[in-house]
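These notes are about the structure you will find just below.
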2 protein chains.
Amino acid sequence: MGRKKQSRVTLQEVAKHAGVSRATASLVVRGSPNISKETREKVLKSIKELGYIYDRVAANLRSHQSSTVGLIITEIGNPFFSELLVGVHEALDKEGYTVILGTTFDSPDKQDALLATMLEYRVGGVIMSPVPGSSPDMVERLKQWGIPVILVARKMLSEEPFDYVGIDNVAGGRIAAEHLIEQGHRRIAFLGGFSNSSVWTDRKKGFCEAIEQAGLEMDESLFVQSPATRQGGIEAIKRVMQHPQPPTGVFCYNDVVASGVMLGLKEQGIVPGKDVAVVGFDNIPESAVFSPSLTTIAAFPDRLGAKAADLLHRRMKGDEEEAKKLILQPELVVRESS
Amino acid sequence: MGRKKQSRVTLQEVAKHAGVSRATASLVVRGSPNISKETREKVLKSIKELGYIYDRVAANLRSHQSSTVGLIITEIGNPFFSELLVGVHEALDKEGYTVILGTTFDSPDKQDALLATMLEYRVGGVIMSPVPGSSPDMVERLKQWGIPVILVARKMLSEEPFDYVGIDNVAGGRIAAEHLIEQGHRRIAFLGGFSNSSVWTDRKKGFCEAIEQAGLEMDESLFVQSPATRQGGIEAIKRVMQHPQPPTGVFCYNDVVASGVMLGLKEQGIVPGKDVAVVGFDNIPESAVFSPSLTTIAAFPDRLGAKAADLLHRRMKGDEEEAKKLILQPELVVRESS
DNA sequence: CTTTACATTTAAAACGTTGTCAATTTGTTT
DNA sequence: AAACAAATTGACAACGTTTTAAATGTAAAG
């Protein structure tokens with residue numbers, strides 16, 4: 001069954017085996033151009049024969065570089081974030097980075113702990129979706145150590161001078177409301193999410209703008225906050241339907257909430273898409289298969305992720321320009337639910 | 001705006017500031033018991049004052065330990081795997097490990113490359129869902145270096161002596177078929193996935209066992225392989241419904257395929273759950289919101305992940321017992337689609 | 001007042017690599 | 001043959017920790 005725990009072969013041993021100096025061997029593994037083809041092959045052969053494994057940890061320690069980046073998201077459960085993760089991961093992969101993953105589950109403490117861990121691991125940069133209401137201190141600290149941080153999908157509480165990649169949530173909210181108004185709805189609810197997140201306030205802002213512009217009355221009882229989960233959606237729709245004048249259209253904080261909303265409607269014998277129009281946000285892949293299929297605002301999480309990764313890459317390469325804000329435009333996707 | 005790129009404070013500097021030796025400072029940061037309370041506090045104070053950051057990379061290099069583990073999955077897009085990821089991640093987090101993530105996208109080469117990378121990063125262990133048909137050489141190699149590897153959800157081609165955590169796919173296939181037979185279906189299709197994966201062959205095996213036991217005929221044209229994606233499901237159901245004697249019940253390789261199958265049925269004006277019964281596999285959260293809601297075989301990916309993480313933790317702690325196989329039992333979840 | 005024992009603390013070597021740079025070898029051109 | 005360029009070397013000092021074995025200080029025991 002092979003021996004146990006053979007100890008690592010070092011570059012030193014490779015060099016000796018190939019009959020060259022350690023310096024030369026080092027240049028070979030790093031692909032230096034001024035090494036003759038001959039010696040390069042000699043060394044590569046020895047590497048293969050001895051089963052040498054490059055020690056990136058030692059190399060990074062010595063060279064003050066880092067080929068790892070930290071990725072911090074709030075919940076992997078939400079397909080929006082898994083798509084985001086795919087986008088980031090794929091783009092970073094292409095550039096040869098290795099990803100250290102962290103999940104905050106919306107806890108500020110956990111977020112700080114994660115950032116601290118990433119610091120301890122000497123990551124070269126961080127892409128994160130911040131917890132609503134968390135303080136920018138820790139991010140500031142990373143930047144002070146020269147570690148670039150890209151915020152994605154969510155901003156921090158205040159308008160901090162950080163790089164940010166996201167979508168235009170105000171526009172998204174407006175588009176959603178305009179669509180429902182165009183469909184003839186006069187009483188429209190906004191369900192799910194919490195007002196402490198920048199995403200929520202932005203979407204609400206756009207929503208309200210469209211409502212006002214159409215000259216509709218703004219009824220505070222049509223705004224129901226709840227966790228951005230399926231269960232949260234179920235509860236929110238139940239609450240709002242008890243209103244003496246229930247809405248005929250609802251705009252949901254995101255698609256997961258929308259799935260709960262539609263479930264809740266069905267439970268009460270109300271047919272979503274017919275009796276009540278439902279519009280979601282994010283356009284997660286599943287929303288096409290819901291029934292009725294969900295009208296939603298596409299937020300392109302994978303593109304967001306890829307853009308964030310590109311930006312981070314540029315920063316790590318030494319781009320020192322001032323903070324960039326990349327705002328993608330969302331798009332309305334009309335389906336059966338409205 | 002603070003200075004740029006302050007260089008890291010080292011333990012050396014902390015020691016000097018606290019008036020102790022570097023060794024003592026090191027013992028303090030590691031929480032050694034035989035350090036007097038006095039000096040401990042002195043050092044901790046200096047750490048705080050100087051803003052010292054522990055360098056785990058350097059520490060791991062020296063101590064030959066590793067607090068990172070590699071996690072390799074095939075596709076983050078499938079909710080089954082995101083749930084798995086959640087389970088693994090949460091459990092490892094609790095034990096203080098940091099996760100390095102990799103995705104193979106079902107490419108054996110990518111898988112080998114990822115394993116090589118993890119080796120280079122000196123991970124302490126690996127949890128992976130292997131690419132179907134990939135060779136166990138690389139895994140063997142890791143184990144030779146004393147790095148434990150846990151296979152999860154998928155086995156390697158042959159019955160290798162590796163630790164494995166998965167569910168009983170044969171039982172799952174049988175349960176699904178039995179359920180459909182019990183509902184009165186005589187012609188049942190098995191759609192999606194490819195025969196090169198152990199998961200597929202196992203599910204098919206159980207499926208066939210039940211068919212035979214019920215004395216039904218086995219029609220090869222009712223087995224349609226396709227990518228395990230929504231699109232794959234759409235194509236598979238279209239193909240099989242062209243059959244002169246189309247099935248009245250279908251068992252899908254997984255829930256994602258099932259979602260495609262139901263979509264494909266609707267496109268043809270056939271009502272899933274009424275005209276044709278559909279059963280999925282995995283019980284991804286979304287399957288409850290499909291319409292009709294999907295009858296499926298629950299595979300508990302999060303539990304799988306947690307178990308795998310626990311097992312890995314034990315291995316990393318030095319548990320040298322021979323390869324363990326942990327097989328969880330799947331459960332039938334009946335909903336509207338059957 | 002010395003010895004023994006014990007708890008703390010320490011100096012120096014190690015981990016596996018890269019950076020530096022002057023010195024050497026080899027190959028090519030004038 | 002000399003002059004030049006290109007490729008390779010050797011030696012040593014980093015990088016920021018942990019490890020080892022040895023040294024210190026102090027209190028209890030003789």
Side-chain angles (χ1 to χ4, degrees), chain A residues 5-44 46-47 50-68 117 119-124 145-146, chain B residues 5-44 46-47 50-68 117 119-124 145-146:
Chain A
K5 287 235 192 201
Q6 29 177 261
S7 69
R8 264 175 126 92
V9 177
T10 82
L11 200 50
Q12 179 73 278
E13 301 173 66
V14 169
K16 190 197 278 177
H17 183 271
V20 300
S21 73
R22 184 167 73 237
T24 309
S26 175
L27 291 173
V28 170
V29 295
R30 284 179 288 160
S32 160
N34 41 0
I35 282 284
S36 74
K37 200 167 187 176
E38 256 183 350
T39 39
R40 182 192 315 285
E41 276 165 7
K42 209 163 51 178
V43 172
L44 290 177
S46 296
I47 286 182
L50 299 183
Y52 167 73
I53 293 169
Y54 183 58
D55 190 326
R56 236 168 251 283
V57 172
N60 284 345
L61 172 61
R62 174 61 233 244
S63 66
H64 295 287
Q65 302 196 327
S66 174
S67 47
T68 58
T117 302
L119 215 40
E120 293 187 353
Y121 274 105
R122 298 171 145 268
V123 297
W145 293 111
Chain B
K5 285 231 192 202
Q6 28 177 263
S7 68
R8 266 177 126 89
V9 176
T10 80
L11 202 49
Q12 179 73 277
E13 301 174 63
V14 169
K16 189 196 277 177
H17 184 270
V20 300
S21 75
R22 184 168 69 235
T24 307
S26 173
L27 290 172
V28 170
V29 295
R30 284 179 289 160
S32 160
N34 40 359
I35 284 283
S36 72
K37 201 167 186 176
E38 256 182 350
T39 37
R40 183 194 316 286
E41 276 165 7
K42 211 164 48 179
V43 172
L44 289 178
S46 297
I47 286 182
L50 299 183
Y52 167 73
I53 293 170
Y54 183 60
D55 189 328
R56 238 167 251 282
V57 171
N60 285 345
L61 171 61
R62 175 60 236 241
S63 67
H64 295 288
Q65 302 197 329
S66 175
S67 47
T68 58
T117 301
L119 214 41
E120 293 187 352
Y121 274 105
R122 297 170 149 269
V123 297
W145 293 108

Next item on the list: Evaluate the side-chain proximity of Glu13(B) to Thr10(B): yes if any heavy-atom separation is below 4.5 Å, no if none is.
Entry: yes
Next item on the list: Nearest whole angstrom, please: distance from the P of dT8(D) to the CG of Asn34(A).
Entry: 8 Å
Check: Does Tyr52(A) put a side-chain nitrogen or oxygen below 4.0 Å from OP1 or OP2 of dT17(C)?
Finding: yes
Notebook entry, point to check: With sugar-phosphate meaning primed atoms plus P, OP1 and OP2, does Arg40(B) contact a base, only sugar-phosphate, or nothing at under 4.0 Å between heavy atoms?
Noted result: nothing
Item checked: For Thr117(A), all residues meeting side-chain hydrogen bond (donor to acceptor under 3.5 Å, both in side chains), sequence neighbours excluded -> none
Next item on the list: Give a yes or no answer on whether the side chain of Arg56(A) reaches the backbone of Glu120(B) with a donor-acceptor pair at less than 3.5 Å.
Entry: no
Check: Hey, are the side chains of Val29(A) and Ile47(A) touching, using non-hydrogen atoms and a 4.5 Å cut-off?
Finding: yes
Note to self: Using a heavy-atom cut-off of 4.0 Å across all strands, would you classify Leu11(A) as base, sugar-phosphate, or nothing?
What the structure shows: sugar-phosphate
Next item on the list: Quick one: label Ser26(B) by what it contacts on the DNA or RNA (base, sugar-phosphate, nothing), any heavy atom closer than 4.0 Å.
Entry: base
Checklist line | pair Asp55(A)-Leu61(B): side-chain heavy atoms closer than 4.5 Å | finding: yes
Next item on the list: Check whether any side-chain N or O of Thr39(B) sits under 4.0 Å from OP1 or OP2 of dT9(C), and answer yes or no.
Entry: yes
Margin query: Between C1' on dT20(C) and NE2 on His64(A), what's the gap in Å once rounded to a whole number?
Written below: 13 Å
Note to self: If I take atom CD1 in residue Ile35(A) and atom C1' in nucleotide dT9(D), what distance separates them, rounded to the nearest angstrom?
What the structure shows: 10 Å
Note to self: For Gln65(A) and Leu61(A), find the nucleotide of DNA chain C closest to each by heavy atoms; which residue's nucleotide sits nearer the 5' end?
What the structure shows: Leu61(A)
Margin query: If you assign Val9(A) and Ser36(B) each to the DNA chain C nucleotide with the nearest heavy atom, which residue ends up on the more 5' nucleotide?
Written below: Ser36(B)
Item checked: Non-hydrogen side-chain atoms of Val20(B) and Lys42(B) separated by less than 4.5 Å -> yes
Item checked: Test item: Leu119(B) and Trp145(B) side chains (from C-beta on) under 4.5 Å apart, heavy atoms -> yes
Check: OP1 or OP2 of dG16(C) less than 4.0 angstrom from a side-chain nitrogen or oxygen of Arg8(A), does that happen here?
Finding: no
Margin query: Are the side chains of Arg30(A) and Leu27(A) in contact, using a 4.5 Å heavy-atom criterion?
Written below: yes
Note to self: Can you measure Lys37(A) atom NZ to dT8(D) atom P for me and round it to whole angstrom units?
What the structure shows: 13 Å
Pick out the pairs of N or O atoms, protein on one side and nucleotides 10-14 of chain C on the other, that lie under 3.5 Å.
{"residue": "dT10(C)", "atom": "OP2", "partner": "Ser21(B)", "partner atom": "N", "Å": "2.8"}
{"residue": "dT10(C)", "atom": "OP2", "partner": "Ser21(B)", "partner atom": "OG", "Å": "3.2"}
{"residue": "dT10(C)", "atom": "OP2", "partner": "Thr24(B)", "partner atom": "OG1", "Å": "2.7"}
{"residue": "dA13(C)", "atom": "N6", "partner": "Arg22(B)", "partner atom": "NH2", "Å": "3.2"}
{"residue": "dA14(C)", "atom": "N3", "partner": "Arg62(B)", "partner atom": "NH1", "Å": "2.3"}

Item checked: Bend angle of the helix from dC1(C)-dG30(D) to dT30(C)-dA1(D), end axes from five pairs each (to 10°) -> 50°
